[in-house]
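Since the model is a prediction, treat every value here as computed from it, not as a measurement.
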Amino acid sequence: MAERIRVMVPEEDINEKVKELGARISKDYEGKELHMICVLKGGVFFMCELAKRITIPVTMDFMSVSSYGSETKSSGVVKIVKDLDEPLVGKEVLVVEDIVDSGRTLSYLLEMLKDRGPKSVRLCTLLDKPDRRVKDVHVDYTGFEIPDEFVVGFGLDYDQRYRNLPYIGVVEQD
């Protein structure tokens, strides 16, 4: 079976939305310094593009988490694969994600980060799939709300492939 990718969100729409989010975040944090945290690997494309469009001072850090359970379902038990390099005490923190799905892993992660003493913790995601939510997660900045389809591109992968696509697409089997 061959795979093909159907475009869901074109590159131009993503670029415009990232520009809008950057302007809004810059306004909301005006006069402050923002510490952005990327959840690897998928969020890196979005965070880099977003950071370029934020006009206030920005610092960045990265973390990698793994959620155990079956391949299709997160158990919500989170293992930190790569922790942050810097403390969060007193910082304005913005967690940047590629997609918010069930909310299990992100719910745990946000609580863990809040326990590290930042001044604030907010969440920005490129994509939100509210139909899949099992854990309540407040998203402060959302790029696009999408239906419950398996998406790739702009950092999102299918078996480590398609991350480099400049758009969001749906994998379809021929």
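Residues Leu34 and Leu123 do not share a hydrophobic cluster, clusters being chains of Ile/Leu/Val/Met/Phe/Trp/Tyr side chains in contact below 4.5 Å. Under the 4.5 Å side-chain heavy-atom criterion for ILVMFWY residues, no single connected hydrophobic cluster contains both Val139 and Phe46. At a threshold of 4.5 Å between side-chain heavy atoms, the hydrophobic network of Ile, Leu, Val, Met, Phe, Trp and Tyr places Leu40 and Tyr108 in two separate groups. Using a 4.5 Å cut-off between side-chain heavy atoms of Ile, Leu, Val, Met, Phe, Trp and Tyr, with links allowed through other members, Phe154 and Val9 fall into the same hydrophobic cluster. By the criterion of side-chain heavy atoms lying less than 4.5 angstrom apart, applied directly or through intervening Ile, Leu, Val, Met, Phe, Trp or Tyr residues, Val44 is grouped together with Met60 in one hydrophobic cluster.
In this structure, Pro130 and Glu145 have side chains that are in contact, with non-hydrogen atoms separated by less than 4.5 Å. In this structure, Leu127 and Lys129 have side chains that are not in contact, with every pair of non-hydrogen atoms separated by 4.5 Å or more. Two residues are said to be in side-chain contact when any heavy atoms from C-beta on lie closer than 4.5 Å; Thr125 and Leu106 fail this criterion. At least one side-chain heavy atom of Met8 sits less than 4.5 Å from a side-chain heavy atom of Pro147.
With sequence neighbours excluded, the residues that form a side chain to side chain contact (heavy atoms under 4.5 Å, CB included) with Val81 are Ser64, Ser66. Residues forming a side-chain hydrogen bond (donor to acceptor under 3.5 Å, both in side chains) with Glu12 (at least two apart in sequence, or on another chain): none. Here Glu149 pairs with Arg6 under the salt bridge (charged side-chain N to carboxylate O under 4.0 Å, His left out) rule; sequence neighbours left out. Shown here are the side chain to side chain contact (heavy atoms under 4.5 Å, CB included) partners of Thr55, two or more places apart in sequence or in another chain: Ser26. For Leu84, the side chain to side chain contact (heavy atoms under 4.5 Å, CB included) partners are Ile37, Asp61, Met63, Leu88, Leu113, Arg116, not counting sequence neighbours.
In terms of heavy atoms, Arg133 sits closest to Val137 at NE-O, 4.2 Å. Annotation for Leu50 and Cys124: closest pair CD2-SG, 3.8 Å, computed over non-hydrogen atoms. Here the closest non-hydrogen pair linking Cys38 and Gly43 is SG-C, 3.3 Å.
Separation of atoms CE (Met112) and CG (Asp115) is listed at 9.0 Å; rounding is to 0.5 Å. Here Leu21 contributes atom CG and Ile54 contributes atom CD1; the two are 9.0 Å apart, rounded to the nearest 0.5 Å. Between Ile80 atom CD1 and Leu109 atom CG the span is 6.0 Å, to the nearest 0.5 Å. Atom-to-atom distance recorded for Glu3:CD and Glu172:CD is 11.0 Å, nearest 0.5 angstrom. For the atom pair CZ of Phe45 and CG of Leu156, the computed distance is 9.5 Å after rounding to the nearest 0.5 Å.
Identified under the salt bridge (Lys or Arg N to Asp or Glu O under 4.0 Å) test for residues 18-30, with sequence neighbours left out: Lys17-Glu20. For residues 45-58, the pairs satisfying salt bridge (Lys or Arg N to Asp or Glu O under 4.0 Å) are Glu49-Lys52, Glu49-Arg53, with sequence neighbours left out. Residue pairs satisfying the ring pair (Phe, Tyr, Trp, His ring centres under 6.0 Å) criterion with at least one member in residues 111-146, sequence neighbours excluded, are absent. Residue pairs meeting the salt bridge (Lys or Arg N to Asp or Glu O under 4.0 Å) criterion with at least one member in residues 162-171, sequence neighbours excluded: Asp157-Arg163.
Between Ile146 and the options Val151, Leu126, Asp131, a side-chain contact (heavy atoms from CB on, under 4.5 Å) holds for only Val151.
Within 6.0 Å of NZ on Lys119 lie no more than 12 heavy atoms contributed by other residues, nucleotides or ligands.
Chaining together hydrophobic side chains whose heavy atoms lie under 4.5 Å apart places Val152 alongside Ile5, Val7, Phe150, Tyr158, Tyr162, Leu165, Tyr167, Val171. In this structure, Val134 stands alone, with no Ile, Leu, Val, Met, Phe, Trp or Tyr side-chain heavy atom under 4.5 Å from its own, directly or through other members.
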Scan the side chains in residues 90-100 for donor-acceptor partners under 3.5 Å anywhere in the protein, sequence neighbours excluded, and list what turns up.
unit_1	atom_1	unit_2	atom_2	d
Lys91	NZ	Glu86	OE1	3.1
Lys91	NZ	Pro87	O	3.1
Glu92	OE1	Ser120	OG	2.4

